[in-house]
Amino acid sequence: MVEDKKEKSKASKLGKKATAMIHSSTKPEVADLIGQRLRNYYDEVARQPVPDRFKELLNQLEAASAQKKTN
């Protein structure tokens, strides 16, 4: 859960940076629309569940990392 919050915070910061970059080179109303659509798209992707195969791979990586620490 903590990682989810960190990822959302990171994405939010990236979204704000992207919006700022767009603002510097585009009309404000166009930049706002682009920024909003990008945030909506990211939010939609972030709400989707993590595929089981990815979870399995993450568990394997964690187990391998824990094993290295004990050796």
Side-chain angles (χ1 to χ4, degrees):
M1 290 296 172
V2 172
E3 291 177 11
D4 289 342
K5 289 181 182 179
K6 287 181 184 178
E7 288 300 316
K8 287 180 182 178
S9 176
K10 186 189 301 184
S12 177
K13 288 177 186 175
L14 288 173
K16 289 176 184 177
K17 285 181 183 180
T19 301
M21 289 171 48
I22 292 167
H23 271 290
S24 68
S25 63
T26 324
K27 293 180 181 180
E29 55 276 356
V30 173
D32 289 340
L33 180 61
I34 292 170
Q36 183 61 45
R37 287 191 179 173
L38 286 171
R39 283 188 293 279
N40 289 344
Y41 178 74
Y42 176 79
D43 288 343
E44 181 182 326
V45 171
R47 281 191 298 268
Q48 295 183 12
V50 176
D52 290 338
R53 180 65 181 136
F54 287 177
K55 289 178 186 177
E56 291 171 16
L57 290 171
L58 289 171
N59 289 335
Q60 289 173 9
L61 288 170
E62 287 177 0
S65 178
Q67 188 176 22
K68 282 184 181 180
K69 287 181 182 179
T70 59
N71 290 336

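Positions are given from 1, in the same order as the sequence printed here. Not measured: the values here are computed from a predicted model.
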Inset, instruction - Could you tell me which residues satisfy side chain to side chain contact (heavy atoms under 4.5 Å, CB included) with Val50, sequence neighbours excluded, listed by chain and number? - result: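 So Val50 forms a side chain to side chain contact (heavy atoms under 4.5 Å, CB included) with Phe54, Lys55.
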Legend entry - Arg37: partners by side chain to side chain contact (heavy atoms under 4.5 Å, CB included), with sequence neighbours left out: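 Residues passing side chain to side chain contact (heavy atoms under 4.5 Å, CB included) with Arg37: Leu33.
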Legend entry - Inter-residue atom distance Glu56.CD - Leu61.CG, 0.5 Å rounding: 12.0 Å
Legend entry - Chi angles and distances behind the side chain to side chain donor-acceptor pair (under 3.5 Å) call for Gln36, Asn40: CA-CA 6 Å; Gln36 183 61 45; Asn40 289 344; 2.9 Å; yes
Legend entry - With sequence neighbours excluded, residues passing side-chain hydrogen bond (donor to acceptor under 3.5 Å, both in side chains) with Asp52: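 Asp52: no side-chain hydrogen bond (donor to acceptor under 3.5 Å, both in side chains) contacts found.
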